Amino acid sequence: MISFADEIKQGIPSELPALKAWDPSINHAPKRKEILSPAEKKLAIANALRYFPKEQHAVLAAEFAKELHTYGRIYMYRFMPEHPIFARAITEYPGKSEQAKAIMLMIQNNLDHRVAQHPHELITYGGNGAVFQNWIQYRLVMQYLSEMTDEQTLVMYSGHPMGLFPSHPNAPRVVVTNGMMIPNYSKPDDWEKFNALGVTQYGQMTAGSYMYIGPQGIVHGTTITVLNAVRRLAKTRDDIKGKLFLTAGLGGMSGAQPKAGNIAGVISVTAEVNPKAAHTRHEQGWVDEIISDLDELVTRVKKAQASKEVVSIAYLGNVVDVWEKFDQTGVHVDLGSDQTSLHNPWAGGYYPAGLSFDEANDMMANEPEKFKTYVQESLRRHAAAVNKHTARGTYFFDYGNAFLLESSRAGGEVMAENHIDFKYPSYIQDILGPMCFDFGFGPFRWVCASGKPEDLEKTDAIACKVLETMMAKSPAEIQQQMADNIQWIKGAQENKLVVGSQARILYADAEGRMRIAAAFNEAIANGEIGPVILGRDHHDVSGTDSPYRETSNIYDGSRFTADMAIQNVIGDSFRGATWVSIHNGGGVGWGEVINGGFGMLLDGSEQAQRNLTSMLHWDVNNGIARRNWARNENAIFAIKRAMEAEPLLKVTLPHLVEDQLLDGLFD
Ligand SMILES: NC(=O)c1ccc[n+]([C@@H]2O[C@H](COP(=O)([O-])OP(=O)(O)OC[C@H]3O[C@@H](n4cnc5c(N)ncnc54)[C@H](O)[C@@H]3O)[C@@H](O)[C@H]2O)c1
């Protein structure tokens with residue numbers, strides 16, 4: 001059998017590999033709807049055949065046509081590699097550039113069977129968050145990375161490697177764009193069509209940018225969100241006990257909810273229609289119990305409420321049924337949300353009530369228009385049931401999955417009286433925006449490239465020490481955030497959060513990120529740990545413009561602009577990022593958001609020290625500056641503090657207007 005390194009270096013094999021058997025044990029992507037005309041189908045096949053020499057075309061044309069017909073996409077399953085895909089130690093990757101090897105490690109982590117949602121379809125999370133469109137792109141990219149030097153940059157167009165271009169050692173090794181469209185061609189069906197043609201892909205956030213670290217990436221943010229949502233209802237830890245959190249989704253990101261519920265100390269019920277997803281989370285220990293009978297669920301929840309247990313329960317079925325059942329049986333829900341993939345409502349992101357999981361999969365592929373009406377009807381029921389609970393005191397928030405947006409579009413009763421805003425806040429408006437993003441706190445993360453658990457343990461200790469030192473001098477405004485983050489990093493080992501690479505997430509502000517990264521770089525230089533790859537979720541202070549999510553707490557009208565995300569990726573790319581990415585779509589849907597991210601290899605060098613200082617400072621303060629200009633009070637505070645610390649930073653500050661001056665001007 002060909003060795004791992006040789007298969008990577010081989011790229012596209014000259015001989016056709018044997019056909020692969022369909023593996024039913026894998027969680028496969030749903031069949032995508034048929035959208036191409038016969039002429040467009042021919043174009044899709046011709047596009048796919050561009051990767052292959054003529055003599056292979058006849059065999060592959062028929063095979064790809066069959067894939068297109070059966071799955072709605074051409075994945076080129078035959079070309080799945082022989083080697084198992086997972087993040088190896090950086091030393092195991094062939095190549096001439098350490099930075100390129102770090103990127104290979106991260107790509108493999110995104111496609112690891114334990115990490116990815118639909119690994120055979122190259123989907124990491126969110127139902128359609130793709131790393132590549134097909135297996136040939138994977139092979140070609142790995143080959144390019146294994147042969148490139150630090151004088152070149154690999155250019156990625158939505159999964160397709162356009163090639164290696166001459167650059168310089170401190171340029172990004174890879175520049176990724178995913179799903180960038182001419183704005184008028186950015187409707188959901190445009191994704192279906194142009195993705196089926198093989199010319200674009202939905203990169204989600206960290207899927208197409210090789211920065212996904214499994215559900216841990218989201219547990220921290222979810223814990224912060226659930227904890228602070230509960231704090232709105234209960235002032236002390238004792239008051240929190242016995243509170244019930246009802247939500248849906250045990251998929252890629254949503255799977256973090258029960259774990260976060262346990263850490264926050266509540267009872268959680270998470271509905272999930274897909275048995276494979278529910279059992280995976282149960283086996284991983286992310287959810288304590290699975291119940292598939294509604295009456296049994298009610299009994300179990302009432303018992304947990306009476307005895308104030310901390311427990312996470314998965315309900316195997318539709319979340320709409322749970323909301324309605326709890327209403328009928330008088331189960332009081334304290335906290336409610338939803339993390340079905342409503343950014344992708346018509347193609348498997350949301351399973352409508354009244355259909356079994358299999359019936360829904362069948363209908364969405366074969367009768368897409370009928371399926372759409374089922375989804376809309378279910379959303380109206382869903383919203384109505386939530387409304388009944390909130391009328392009795394449930395605190396409901398939108399979890400950035402476009403639940404309120406899609407419910408309103410379906411005619412659900414979720415609009416506020418002014419018919420402009422929603423009745424319920426997004427988690428960013430009430431919690432993460434004012435408490436975290438405006439101060440610069442966001443989902444900083446790192447991966448120990450040695451693959452050694454002891455390196456991760458050492459980095460945890462280093463980060464904790466940095467935060468404790470900082471907290472001693474932190475202003476009152478950010479003491480709670482610092483305390484939560486220190487508590488998180490102290491409990492991180494015990495909570496066994498690693499799935500895949502040796503990775504850690506830690507919310508930190510600009511100063512925290514720079515100081516932690518500098519301490520890592522020093523430990524690498526001293527030989528205490530191996531190289532470290534830095535990154536972050538795109539769901540952050542500066543990286544994402546998304547009017548119903550990351551930037552939903554921007555109230556000056558600019559939340560429908562995307563200058564911040566574009567400025568961010570450009571700024572990161574010339575301040576030393578190892579790779580950068582910019583995406584259309586991600587989280588809330590195609591056409592609804594522009595988001596970007598970076599990766600940076602720390603190798604202990606002085607250049608790495610210069611890069612981390614320059615880039616991390618910009619990567620956070622860009623967003624704080626913008627939030628400050630939008631008149632967000634906490635951001636004005638944070639940017640003034642940043643200017644005191646760094647004399648070269650000079651940001652335009654807003655003058656605030658007295659409301660009464662405006663009153664009556666246009667009445
Ligand atoms: N966790 C976070 O911090 C966070 C932040 C912002 C947005 N989101 C959003 O949350 C959504 C979920 O993300 P994900 O990665 O978990 O997606 P996913 O597709 O992996 O998981 C969603 C799960 O919901 C299940 N589901 C769909 N309809 C259902 C229904 N009616 N009842 C019960 N279960 C149902 C699906 O089977 C699936 O397993 C996305 O839209 C994402 O953008 C999450």
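As the structure lists them, so they are numbered: ligands from 1, and atoms in each ligand from 1. For clarity, every value in this text was computed on a predicted model and none was experimentally measured.
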Participant: Would you say the ring centroid of Phe422 lies under 6.0 angstrom from that of Phe396?
Facilitator: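 That pair fails the under 6.0 Å test.
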
Participant: I need the nearest protein heavy-atom contact for atom 43 (O) of ligand 1: residue, atom name and distance, please.
Facilitator: Gly587 CA, 2.9 Å

Participant: With heavy-atom distances below 4.5 Å as the criterion, would you say the side chains of His343 and Asn128 are in contact?
Facilitator: yes

Participant: Measuring centre to centre across the rings, with the benzene-like ring taken for any Trp, is Trp22 within less than 6.0 Å of His28?
Facilitator: yes

Participant: Counting non-hydrogen protein atoms only, what is the nearest one to atom 8 (N) of ligand 1? Give residue, atom name and distance.
Facilitator: Tyr399 O, 3.5 Å

Participant: Which residue holds the protein heavy atom closest to atom 20 (O) of ligand 1, what is that atom called, and what is the gap in Å?
Facilitator: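 Result for atom 20 (O) of ligand 1: Gly252 N, 2.8 Å.
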
Participant: Does Ala402 come within less than 4.0 Å of ligand 1, judged by its heavy atoms?
Facilitator: no

Participant: Under 3.5 Å, N or O to N or O, is Met253 touching ligand 1 that way?
Facilitator: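 There is such a contact, yes.
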
Participant: Just need the protein heavy atom nearest to atom 29 (C) of ligand 1, so name the residue and atom and give the distance.
Facilitator: Thr340 CG2, 3.3 Å

Participant: Can an N or O of Gln117 be found at a distance shorter than 3.5 Å from an N or O of ligand 1?
Facilitator: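 Among all N and O atoms of Gln117, at least one is under 3.5 Å from an N or O of ligand 1.
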
Participant: Within the structure provided, determine whether Lys259 and Ser312 are in side-chain contact (heavy-atom separation under 4.5 Å).
Facilitator: no

Participant: For atom 3 (O) of ligand 1, find the nearest protein heavy atom and state the residue, atom name and distance (0.1 Å precision).
Facilitator: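 So the nearest neighbour among protein heavy atoms is Ile218 CG1, 3.2 Å.
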
Participant: Closer than 4.0 Å to some heavy atom of Gly249 - which atoms of ligand 1 meet that?
Facilitator: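 The atoms of ligand 1 under 4.0 Å from a heavy atom of Gly249 are 23 (C), 24 (O).
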
Participant: Assess Gly126 for proximity to ligand 1: is some non-hydrogen atom of it under 4.0 Å away?
Facilitator: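 In this structure, Gly126 qualifies as a contact of ligand 1 - some heavy atom is under 4.0 Å.
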
Participant: Ser254 heavy atoms, cut-off 4.0 Å: which ligand 1 atoms fall inside?
Facilitator: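 That gives atoms 14 (P), 16 (O), 21 (O), 22 (C) of ligand 1.
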
Participant: Taking distance alone, with no angle check, do Ala277 and ligand 1 share an N/O pair under 3.5 Å?
Facilitator: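 Ala277 vs ligand 1: no N/O contact under 3.5 Å.
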
Participant: Any atoms of ligand 1 less than 4.0 Å from a non-hydrogen atom of Val319? List them with their elements.
Facilitator: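 Selected atoms, number and element: 32 (N), 33 (C).
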
Participant: Please state which option from Lys276, Met205, Gln339 has its nearest heavy atom closest to atom 4 (C) of ligand 1.
Facilitator: Gln339

Participant: Tell me if the aromatic rings of His332 and Phe326 count as close, with their centers under 6.0 Å from one another.
Facilitator: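 No, ring centres 6.0 Å or more apart.
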
Participant: Return the closest protein heavy atom for atom 34 (N) of ligand 1 as residue, atom name and distance.
Facilitator: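 Among all protein heavy atoms, the one nearest atom 34 (N) of ligand 1 is Val273 N, 3.3 Å.
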
Participant: Is the distance between the ring centroids of His220 and Tyr507 under 6.0 Å?
Facilitator: yes

Participant: Report yes or no: is the cationic atom of Arg73 (NZ for Lys, CZ for Arg) under 6.0 Å from the centre of the six-membered ring of Trp191, at an angle within 45° of the ring normal?
Facilitator: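 Positive - Arg73 is close enough to the ring of Trp191 and near enough to its axis.
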
Participant: Return the option from Ser341, Ser378, Gly349 holding the heavy atom at the smallest distance from atom 27 (C) of ligand 1.
Facilitator: Gly349

Participant: Report yes if some heavy atom in the side chain of Phe441 is under 4.5 Å from a heavy atom in the side chain of Ile478; otherwise report no.
Facilitator: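 Phe441 reaches Ile478 side chain to side chain.
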
Participant: What protein heavy atom sits nearest atom 5 (C) of ligand 1, and how far off is it?
Facilitator: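 So the nearest neighbour among protein heavy atoms is Tyr427 OH, 3.3 Å.
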
Participant: Please write down residue, atom name and distance for the protein heavy atom closest to atom 9 (C) of ligand 1.
Facilitator: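 Looking only at protein heavy atoms, the one closest to atom 9 (C) of ligand 1 is Asn401 CB, 3.7 Å.
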
Participant: Is it the case that the ring center of Tyr399 lies less than 6.0 angstrom away from the ring center of Tyr427?
Facilitator: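 Yes, the ring centres sit under 6.0 Å apart.
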
Participant: Decide yes or no for Thr200 and Met181: does some side-chain heavy atom of the first lie under 4.5 Å from some side-chain heavy atom of the second?
Facilitator: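 Counting from C-beta outward, Thr200 and Met181 do come under 4.5 Å.
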
Participant: Between Asp112 and Arg114 (salt bridge meaning N to carboxylate O under 4.0 Å), is one present in this structure?
Facilitator: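 Judged by the 4.0 Å cut-off on N to carboxylate O distance, Asp112 and Arg114 do form a salt bridge.
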
Participant: Among Glu272, Arg549, Glu406, His343, which residue places a heavy atom closest to atom 38 (C) of ligand 1?
Facilitator: Glu272

Participant: Counting heavy atoms only, name the option from Tyr351, Trp323, Tyr315, Tyr125 that's nearest to atom 31 (N) of ligand 1.
Facilitator: Tyr351

Participant: Verify the neighbour count for atom CD of Glu413: are there more than 12 heavy atoms of other residues, nucleotides or ligands below 6.0 Å?
Facilitator: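 Counting neighbours around CD of Glu413, 12 or fewer heavy atoms of other residues, nucleotides or ligands fall under 6.0 Å, so no.
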
